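One structure below.
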Amino acid sequence: MSLQIIASIREFGGYLNRYSHDSASCHCEMIFSIYLPPQAQNEKVPALYWLSGLTCTDDNARSKAGAQRYAAEHGIALIFPDTSPRGEDVADAERYDLGQGASFYVNATQPPWAGHYQMYDYVSRELPALLEENLPLLAGVKSVSGHSMGGHGALICALKNPSGYRSVSAFAPICNPVNGEWGKTCFTAYLGDDRTTWNAYDATALVEAGARVSDILIDQGTADEFYDEKQLLPESLKAACDKAGQAITLRMQEDYDHSYHFIASFIGEHIAYHARALKS
């Protein structure tokens, strides 16, 4: 499980590095990027994990979100995992919302996906343990955020591990996948026909079942086409949180869409939000 460095770029006094390693969870080579702020040259720093959305790799957020500037200011490492296992031996599908680039961050139980698609274990357990052992990160001091499918991943990681993350936020997350077409299609493929098993990977269902975190921050654009198509369903999560007494801030951002233009507009606020929790 040793890390192999692929590239290193100097940014804002720190380094944006890309690594590969053999994953015990996904049984293939995985690639991720990490921004180590200038403070990491002298001390261990807290970490913010960013989970990207459908069709993305580790490269999308690191090159489009503009997050590294804020991470350098706050002394926080940013980790950008890939969105799925990849390779010739890894199952795939001829559609953008299933297969490589579209793991939904679940531990798949159904063939042909189960052999490699163990992304929940990878992003919540294997990768943090590997990085804390090999890079200047504070042990156990981490938060999680993400976009779209990755926002879904961030929410379930935090709700399923309330003591494992200091804070959670998301941009246009898939909040209730068991009731959206993306979720229904992919959960059937990855998890099978028993819908009761799907609830373990649905943020709204997890809150309804009693899962709690200290707070949730969500930004959602009103001009988001997938919001209009009822794929994201943030109101379902908000209603579940309000009923359960779970703190949540859902900010509807007028005229913003689903793109990284939206993310770049508010990423500084999200990093400041996580910095307060990580350094408290």
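Scope of the values below: all heavy atoms of this structure, side chains included, with no hydrogens, waters or symmetry mates. Everything numeric in this text was worked out from a predicted model, so none of it was measured.
- In this structure, Tyr35 has its ring center at least 6.0 angstrom away from the ring center of Phe80.
- A donor-acceptor contact under 3.5 angstrom links the side chains of Glu126 and Ser25, judged on distance only.
- Tracing side-chain contacts under 4.5 Å through hydrophobic residues (I, L, V, M, F, W, Y), one reaches Tyr105 starting from Phe32; they form part of the same cluster.
- Contacts of Asp202 classified as salt bridge (charged side-chain N to carboxylate O under 4.0 Å, His left out), with partners at least two apart in sequence or in another chain: none.
- Ring geometry for Trp182 against Tyr96 counts as perpendicular: the plane angle is over 60°, on a 0 to 90° scale with 30° as the lower cut.
- Taking CZ of Phe266 as the start and CD1 of Ile271 as the end, the distance is 14.0 Å to the nearest 0.5 Å.
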side-chain contact (heavy atoms from CB on, under 4.5 Å) evaluation trace for Ile218 with Leu237: CA-CA 10 Å; Ile218 293 174; Leu237 179 59; 3.7 Å; yes
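- Between Phe171 and His270, the distance separating the two ring centers is shorter than 6.0 angstrom.
- Side-chain N or O atoms of Asn134 include one that pairs as donor or acceptor with a backbone N or O of Leu130 at under 3.5 Å.
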Carefully, step by step, assess Trp50 and Ser52 under the rule side-chain hydrogen bond (donor to acceptor under 3.5 Å, both in side chains). CA-CA 6 Å; Trp50 173 270; Ser52 293; 3.3 Å; yes
Take His21 and Ser2 through the side-chain hydrogen bond (donor to acceptor under 3.5 Å, both in side chains) test and state the conclusion after the steps. CA-CA 6 Å; His21 72 103; Ser2 62; over 6 Å; no
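- The two residues Tyr49 and Leu131 come nearest to each other via the heavy atoms OH-CD1, 3.9 Å.
- Note on ring orientation: taking the six-membered ring where Trp is involved, the planes of Trp113 and Tyr190 are perpendicular (angle over 60°, cut-offs 30° and 60°).
- Using a 4.5 Å cut-off between side-chain heavy atoms of Ile, Leu, Val, Met, Phe, Trp and Tyr, with links allowed through other members, Leu233 and Trp198 fall into different hydrophobic clusters.
- With values rounded to the nearest 0.5 angstrom, Leu155 atom CG is found 9.0 Å from Ser145 atom OG.
- Remark: side-chain polar atoms of Asn161 are not paired, donor with acceptor, to backbone N or O of Ser163 under 3.5 angstrom.
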Pair Val178-Asn176, side-chain contact (heavy atoms from CB on, under 4.5 Å): steps then yes or no: CA-CA 6 Å; Val178 303; Asn176 191 198; 3.6 Å; yes
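- Under a hydrophobic-cluster definition in which Ile, Leu, Val, Met, Phe, Trp and Tyr are linked whenever side-chain heavy atoms come within less than 4.5 Å, directly or via other members, Met119 and Val144 are assigned to the same cluster.
- For His258, the ring-ring contact (aromatic ring centres under 6.0 Å, His included) partners two or more places apart in sequence, or in a different chain, are His147, Phe226.
- Under the 3.5 Å distance criterion, the side-chain polar atoms of Arg125 are left unmatched by any main-chain donor or acceptor of Pro128.
- Counting only heavy atoms from C-beta outward, the side chains of His152 and Pro177 approach each other to under 4.5 Å.
- Listed for the Gln220 side chain is no donor-acceptor partner under 3.5 Å among the backbone atoms of Pro234.
- A donor-acceptor contact under 3.5 angstrom links the side chains of Ser143 and Ser167, judged on distance only.
- Rounding to the nearest 0.5 angstrom, the gap separating the CG atom in Leu137 from the NZ atom in Lys142 is 10.5 Å.
- For Lys230, the NZ atom is loosely surrounded, since the number of other residues' heavy atoms within 6.0 Å does not exceed 12.
- No salt bridge links Glu235 with Lys238; every basic N to acidic carboxylate O contact stays at or beyond 4.0 Å.
- Judged by distance alone, with hydrogens and angles left aside, the side-chain atoms of Gln39 form a donor-acceptor pair with the main-chain N or O of Ala72 at under 3.5 Å.
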Using the side-chain contact (heavy atoms from CB on, under 4.5 Å) rule, take Ile5 and Arg18 through it: C-alpha gap first, then chi angles, then the decisive distance, then the call. CA-CA 6 Å; Ile5 192 162; Arg18 177 176 272 169; over 6 Å; no
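- Using a 4.5 Å cut-off on side-chain heavy atoms (C-beta onward), Ile9 and Tyr15 make no contact.
- Summarising the geometry, atom CD1 belonging to Ile34 is positioned 4.5 Å from atom CD1 belonging to Ile79; distances are rounded to the nearest 0.5 Å.
- In this structure the side chain of Cys26 never reaches within 4.5 angstrom of the side chain of Tyr117, judged on heavy atoms.
- Partners of Lys160 according to the salt bridge (charged side-chain N to carboxylate O under 4.0 Å, His left out) rule, which considers only residues two or more places apart in sequence or in another chain, do not exist here.
- A single hydrophobic cluster is not seen to contain both Tyr273 and Ile248; linkage of ILVMFWY side chains at heavy-atom distances under 4.5 Å, directly or through other members, places them apart.
- Evaluation of the salt bridge (charged side-chain N to carboxylate O under 4.0 Å, His left out) rule for Arg62 yields Asp59 as partners, not counting sequence neighbours.
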Would Ile267 and Tyr70 count as a side-chain contact (heavy atoms from CB on, under 4.5 Å) here? Give the steps. CA-CA 8 Å; Ile267 192 67; Tyr70 303 104; 3.9 Å; yes
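- Under a hydrophobic clustering in which Ile, Leu, Val, Met, Phe, Trp and Tyr are joined whenever their side-chain heavy atoms come within less than 4.5 Å, directly or via other members, Leu127 and Leu48 fall into different clusters.
- With Thr83 contributing its side chain and Ala102 its backbone, the two residues share no donor-acceptor pair below 3.5 Å.
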For residues 205-214, run the donor-acceptor check on the side chains, cut-off 3.5 Å, and write out each pair with its distance to 0.1 Å, sequence neighbours left out.
{"residue": "Arg212", "atom": "NH1", "partner": "Val207", "partner atom": "O", "Å": "2.9"}

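- With values rounded to the nearest 0.5 angstrom, Ser103 atom OG is found 10.5 Å from Gln118 atom CD.
- Listed by first and then second residue, the ring-ring contact (aromatic ring centres under 6.0 Å, His included) pairs that reach into residues 230-254 come to none, sequence neighbours excluded.
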